[in-house]
Amino acid sequence: MARIAIKTRKTAPASELNLQAAKSAATRARLIDATIRCIIKYGYSRTTTPRVAEEAGMSRGAMLHHFENGSALMQAAIAELHEKRLRAFRQSAGSTIHEVHTLVRAYWKQVSSQTFTAFHELALASRTDKDLAHILVPAQEEFRVRWYLQAVELFPEWQGDRARFDLALALSQNVLEGMAINRLTHGLDERLVEPILSDLERQIEALKPQPAKD
């Protein structure tokens with residue numbers, strides 16, 4: 001009896017599939033970075049998919065191969081912005097002795113960066129843009145939870161008095177982010193930056209738990 005030849009579909013080698021996945025991930029990252037640059041340079045309202053494609057040096061068709069629409073691209077950009085902020089916080093806190101001075105200055109540097117500028121631009125736009133708010137609000141809630149849990153992990157010496165810890169975090173976040181926003185709107189007197197930072201350090205030092213006496 002004659003054997004029937006069965007054609008099998010050839011699959012790409014694992015190495016080729018890994019290379020394709022790496023290229024796709026690199027292209028997605030390139031588009032996300034281009035989106036963030038556009039938000040900083042042009043503002044949210046003028047960050048369009050054609051402009052992002054141009055910024056990334058790609059055709060709009062090639063871009064849509066990786067992100068089906070502008071909402072998907074914006075969602076990925078917001079997630080990356082939050083990841084950048086969390087990484088900056090962890091690196092600045094994890095690479096030093098937990099001195100208040102060092103940490104205040106590291107946080108101030110982070111909120112003075114273009115990453116925070118892009119986030120602030122999106123936060124303002126989401127006030128009147130319901131589609132953007134639908135993406136940003138849950139992402140921001142997730143960020144706040146992760147940021148807090150990361151702070152708890154990084155500062156175990158504060159955990160004996162969680163109320164003071166929460167107050168120190170809230171004070172740092174609101175003062176420094178408020179200063180950064182005022183700077184963006186040209187409402188911050190640069191001569192007062194150093195005195196404000198120094199005073200904030202003193203307030204946080206006053207909240208810091210004291211070592212137990214023998």
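Note that this is a predicted model, so its numbers are computed, not measured.
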### Query
Which is it for E141 and R146 under the salt bridge (charged side-chain N to carboxylate O under 4.0 Å, His left out) test, yes or no, and what are the steps along the way?
CA-CA 9 Å; E141 289 175 353; R146 291 180 61 193; over 6 Å; no
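- Here V152 pairs with Y148, Q159, R162, F165 under the side chain to side chain contact (heavy atoms under 4.5 Å, CB included) rule; sequence neighbours left out.
- Taking every heavy atom of both residues into account, I78 and A139 meet most closely at CG2-CB, 3.8 Å.
- Considering every non-hydrogen atom in both W158 and R164, the closest pair reads CZ3-O, 4.0 Å.
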### Residue pair M58, R30: steps toward the side-chain contact (heavy atoms from CB on, under 4.5 Å) verdict
CA-CA 10 Å; M58 299 173 58; R30 181 173 155 194; 3.6 Å; yes
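- Considering CG of N174 and CG of L169, their distance stands at 10.5 Å, rounded to 0.5 Å.
- Between I181 and L188 there is no side-chain heavy-atom pair separated by less than 4.5 Å.
- Relative ring orientation between H120 and F116 is described as parallel, the plane-to-plane angle staying below 30° on a 0-90° scale split at 30° and 60°.
- L73 is listed as a side-chain neighbour of M63, based on a closest heavy-atom distance under 4.5 Å.
- A distance-only check finds no donor-acceptor pair linking the side chain of S126 to the backbone of D129 [under 3.5 Å].
- The closest side-chain heavy-atom distance from Q75 to F67 is not below 4.5 Å.
- Looking at H82 and W147, their side chains never come closer than 4.5 Å, going by heavy atoms from C-beta outward.
- The two atoms that bring A77 and I32 nearest to each other are CA-CG2, 3.8 Å, heavy atoms only.
- Atom SG of C38 is separated from atom CD of E55 by 4.5 Å, given to the nearest 0.5 angstrom.
- Annotation: side chain of L81 is in contact with side chain of L122 (closest heavy-atom distance under 4.5 Å).
- A donor-acceptor pair is defined here as one N or O able to donate and one able to accept, closer than 3.5 Å; such a pair exists between the side chain of E121 and the backbone of Y44.
- In the hydrophobic cluster analysis, where Ile, Leu, Val, Met, Phe, Trp and Tyr join through side-chain heavy atoms closer than 4.5 angstrom, L132 is grouped apart from Y42.
- A salt bridge links K84 and E80; the closest N-O separation between the charged side-chain nitrogens and carboxylate oxygens is under 4.0 Å.
- L184 is not connected to V193 by any chain of hydrophobic side-chain contacts under 4.5 Å among Ile, Leu, Val, Met, Phe, Trp and Tyr, and they are in different clusters.
- I204 and S172 make their closest contact through CD1-OG, 3.0 Å (heavy atoms, listed as atom of the first residue, atom of the second, distance).
- Note on M74 and L124: separate hydrophobic clusters, where clusters join Ile, Leu, Val, Met, Phe, Trp and Tyr whose side-chain heavy atoms are under 4.5 Å apart, directly or indirectly.
- Residue I39 holds its CD1 atom at 13.0 Å from CZ of R46, rounded to the nearest 0.5 Å.
- Side-chain contact between T47 and K41 is absent, with no heavy atoms from C-beta onward closer than 4.5 Å.
- A heavy-atom distance below 4.5 Å is not found between the side chains of R37 and Q114.
- Under the 4.5 Å side-chain heavy-atom criterion for grouping Ile, Leu, Val, Met, Phe, Trp and Tyr, L154 is connected to W108 within one hydrophobic cluster.
- In terms of heavy-atom proximity, P138 sits nearest to A133 at CD-O, 3.8 Å.
- Salt-bridge annotation for D199 and R202: present, with a side-chain N of the basic residue lying under 4.0 Å from a carboxylate O of the acidic one.
- The CD atom of E201 sits 8.0 Å away from the CD atom of E205 when rounded to the nearest 0.5 Å.
- One distance of note links CD of E54 with OG1 of T49; it measures 12.0 Å at 0.5 Å rounding.
- Here Q173 contributes atom CD and R144 contributes atom CZ; the two are 8.5 Å apart, rounded to the nearest 0.5 Å.
- Considering only heavy atoms from C-beta on, M179 comes within 4.5 Å of L197 through its side chain.
- Under the 3.5 Å distance criterion, the side-chain polar atoms of R28 are matched with a main-chain donor or acceptor of H66.
- Atom CD of E68 has 12 or fewer neighbouring heavy atoms from other residues, nucleotides or ligands inside a 6.0 Å radius.
- Here the shortest heavy-atom pairing between L31 and V52 reads O-CG1, 3.8 Å.
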